[in-house]
Amino acid sequence: MPPRPSRLRPVWLTVGFFLTGLGFLGLVLPGFPGTVFFILAAAAFAKGDPKWEAWLLSRPVVGELVSDYRDGRGMPLRAKWIACVCIVLAVSFSLTRIPVLVGQIAWVLVGLVGIWFISLRTPTKRP
């Protein structure tokens, strides 16, 4: 008997397509990270439809990035630097737009957690 399709399948597919779109934007827009969106899109597609997950993983650049992350090979050092610089810039430029001090502190902490995760918890891929 084939497995029953999940009622959340359309939601996961929609999320996957949305994240894939953001990922492709990240490939062409400077300062906008794409890899994290592709990793999340692959996870959403895995829950929604493995066919779309396989399609995403077969893309020339994208598939390698997601596979490297999933296999624990991590991120190239250059990508880590770019991601951390983007976090610092995003937090710095948007900090003054947050009117409440508690919100500003929370935003800085979110940025610091992102930098911590990228620099210390994500392995560096060796060439």
*Over 12 non-hydrogen atoms of neighbours within 6.0 angstrom of OH in Tyr69*: no

Partner of [X] under side chain to side chain contact (heavy atoms under 4.5 Å, CB included), chosen from [options]:
| X | options | result |
| --- | --- | --- |
| Phe18 | Thr14, Leu22, Val15 | Leu22 |
| Val102 | Ile98, Ile105, Val100 | Val100 |
| Val66 | Leu57, Val61, Thr35, Asp71 | Leu57 |

Under 4.5 Å between side-chain heavy atoms, hopping through other hydrophobics if needed: is there a path connecting [X] to [Y]?
| X | Y | result |
| --- | --- | --- |
| Val28 | Val36 | yes |
| Ile87 | Val110 | yes |
| Ile115 | Phe117 | no |
| Met75 | Phe38 | no |

*In terms of side-chain geometry, is the basic nitrogen of Arg59 or Glu53 positioned less than 4.0 Å from the acidic oxygen of its partner?*
no

*Compute whether any side-chain donor of one residue and acceptor of the other, for Thr122 and Lys80, lie under 3.5 angstrom apart.*
no

*Mind listing the closest non-hydrogen atom pair of Pro123 and Gly72 along with its distance?*
CG-O, 3.3 Å

*Where is the tightest heavy-atom contact between Leu56 and Ala42, given as atom of each residue plus distance?*
CD2-N, 3.6 Å

If you define the side chain from C-beta out and look only at heavy atoms, does anything of [X] sit under 4.5 Å from [Y]?
| X | Y | result |
| --- | --- | --- |
| Leu13 | Phe17 | yes |
| Phe24 | Thr20 | yes |
| Cys84 | Val88 | no |
| Trp107 | Leu95 | yes |
| Val62 | Leu27 | yes |
| Leu65 | Ile39 | no |

_Checking Asp68 now: which residues fulfil side-chain hydrogen bond (donor to acceptor under 3.5 Å, both in side chains) with it, not counting sequence neighbours?_
Arg73, Lys125

*Could you grab the distance from atom CG of Leu89 to atom OG of Ser94, nearest 0.5 Å is fine?*
10.5 Å

*Do any N or O atoms from the side chain of Ser58 and from the backbone of Trp55 form a donor-acceptor pair under 3.5 angstrom?*
yes

